[in-house]
Each structure stands twice: as C-alpha cells, then as structure tokens.
K.L.:
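I have a structure I would like to understand better, so I am pasting it below and will then ask my questions one at a time.
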Amino acid sequence: MKKLQVKDKTFAISIPAEELQKEVQRVAAEINRDMEGKEPLFLPVLNGAFIFAADLLREITVPCEVCFIKLASYAGTQTTGTVREVIGLATDITNRHVVIVEDIIDSGLTMAHMIETLTAHNPASISVCSCLVKPDALKVDVDIKYRCKNIPNDFIVGYGLDYDGFGRNTKDIYTLCEE
Ligand code: IMP
Ligand code: MG
C-alpha cells in the first residue's frame with residue numbers, strides 16, 4: 001500500500017489518479033451536455049480546487065469563462081464551522097450560468113454560504129460541481145449537481161486537498177491512517 005507522510009500524520013492511498021481522471025472525464029461530459037449554448041462561468045474555489053479545476057476545465061469543450069474565488073473555513077483536521085466572505089469575484093455573474101467547482105463537500109456549510117452569497121448577485125443558475133462528497137458528514141441540504149465520487153467520513157489529502165497546508169501536490173488521494 002502506497003503511503004504518504006504529511007507532517008506528523010501518515011496517509012495511505014485511497015483513490016488512484018487513473019480512477020480520478022475517469023470520473024473527471026465523466027463529470028466534464030455531463031457539464032458539456034448540460035451547458036451547451038449557455039457559456040458557463042466556472043468559479044473554482046481556492047485553494048483546494050486548483051488541481052481538480054485544471055483537470056476538469058481541460059475536458060470542457062463548450063465556450064466558457066473561469067474565475068477563481070476564495071472562501072476558507074477549515075483548519076487542521078476538523079471543520080471550524082466558521083465561514084468567511086467570498087473574495088476574488090472579478091466577473092459579473094448577473095444572468096450567468098455559474099458552476100461552482102469545489103474540491104470536497106464535508107459539512108456542506110462552506111457551499112451553503114457560497115450559494116447564498118452568489119445568489120444575491122442574481123445569476124441565471126448556480127450548479128455545484130464537487131470532486132468529492134462526504135455524504136455522511138453533510139449537516140445542511142446542498143444540491144450537488146455534479147460529483148466525481150462519494151467518500152467515507154475520513155480525512156483525506158492530495159489532488160489539491162491539504163493537511164495544515166501540506167500534501168496538496170499529489171496525483172492520487174490519500175486517507176489518514178488510524179493511529
Ligand atoms: P465544509 O464546509 O465542512 O463542507 O468543508 C469544506 C472545506 O473543508 C473543503 O473545501 C476543504 O477545503 C475542507 N475539507 C473538508 N474535508 C476535508 C478533508 O478530508 N481533507 C482536507 N480538507 C477538507
Ligand atoms: Mg476548499
């Protein structure tokens with residue numbers, strides 16, 4: 001089993017790159033089908049979504065725009081429950097078909113806040129596209145239109161996701177090992 005050491009914690013491979021890429025292609029095909037003629041505006045959420053967004057966007061074939069935004073709410077291995085403001089929204093989203101691109105939805109609080117904030121700008125539609133979802137951790141109801149994979153309620157790193165800032169730079173995804 002491939003292992004990864006990130007700071008004081010050990011992780012073991014749980015989703016290999018090839019498996020992820022297949023799911024990314026499937027999701028991109030769904031978006032290409034749904035967004036035909038709609039000129040979607042993709043809003044990847046930094047920092048975590050940078051790798052997923054880069055892979056996903058290279059599979060998108062409909063004319064589109066991309067604007068990276070930020071809204072952080074996480075520290076260490078537990079969600080803090082506190083959410084901050086959306087920053088970086090440089091493009092007017094009024095009457096646009098917006099696709100929020102996230103790395104992972106855990107409690108769903110970050111995404112719920114994001115949707116609420118963006119809705120105030122009157123977009124034509126808002127779709128959520130998350131690489132990963134932890135269905136058992138969801139605390140609020142979020143409509144997740146596109147997702148690559150559901151995962152168990154474990155802490156993971158890699159493919160953009162971090163532990164305390166480290167571990168984002170891997171092609172595979174790793175799950176925290178029980179001590
Ligand atoms: P939520 O608000 O609880 O849904 O948390 C969402 C954010 O927490 C994500 O955008 C990630 O940045 C972070 N997060 C949630 N679960 C994990 C994990 O297992 N590893 C690393 N980051 C995570
Ligand atoms: Mg994130």
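All ligand and atom numbering here is 1-based and tracks the order in the structure.
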K.L.:
Record the part of Asp162 in heavy-atom contact with ligand 1 below 4.0 Å; permitted values are side chain, backbone, both and neither.
P.N.:
backbone
K.L.:
When you compare the side chain of Ile69 with that of Met114, does any pair of heavy atoms fall below 4.5 Å?
P.N.:
yes
K.L.:
Against heavy atoms of Asp154, which atoms of ligand 1 measure under 4.0 Å?
P.N.:
19 (O)
K.L.:
Just so I know, are the side chains of Arg147 and Val27 near enough to count as touching, which here means a heavy-atom distance under 4.5 Å?
P.N.:
no
K.L.:
With the threshold set at 4.0 Å, does a side-chain nitrogen-carboxylate oxygen contact exist between Glu30 and Arg33?
P.N.:
no
K.L.:
Using a strict cut-off of 4.0 Å, indicate which atoms of ligand 1 neighbour a heavy atom of Ser107.
P.N.:
1 (P), 2 (O), 3 (O), 4 (O)
K.L.:
Taking only heavy atoms of Gly108 into account, list the atoms of ligand 1 that are under 4.0 Å away from them.
P.N.:
1 (P), 3 (O), 4 (O)
K.L.:
Side chain, backbone, both or neither: which part of Val157 has a heavy atom under 4.0 Å from ligand 1?
P.N.:
neither
K.L.:
Please work out which of the three classes, parallel, tilted or perpendicular, describes the rings of Phe155 and Tyr163, given edges at 30° and 60°.
P.N.:
perpendicular
K.L.:
Using a strict cut-off of 4.0 Å, indicate which atoms of ligand 1 neighbour a heavy atom of Thr110.
P.N.:
1 (P), 2 (O), 5 (O), 6 (C)
K.L.:
Does Leu56 reach the side chain of Cys148, with side-chain heavy atoms less than 4.5 Å apart?
P.N.:
no
K.L.:
Only heavy atoms of Glu102, strictly under 4.0 Å: list the atoms of ligand 1 that pass.
P.N.:
10 (O)
K.L.:
Is it the case that ligand 1 has an N or O less than 3.5 angstrom from some N or O of Ile156?
P.N.:
yes
K.L.:
Which bit of Ile104 is near ligand 1, meaning a heavy atom under 4.0 Å away: side chain, backbone, both or neither?
P.N.:
both
K.L.:
Would you mind reporting whether Leu118 and Leu89 have side-chain heavy atoms less than 4.5 Å apart?
P.N.:
yes
K.L.:
Would you mind reporting whether Lys3 and Cys177 have side-chain heavy atoms less than 4.5 Å apart?
P.N.:
yes
K.L.:
I'd like to check which ligand 1 atoms, numbered from 1 as shown, lie under 4.0 Å from a non-hydrogen atom of Lys134.
P.N.:
16 (N), 17 (C), 18 (C), 19 (O)
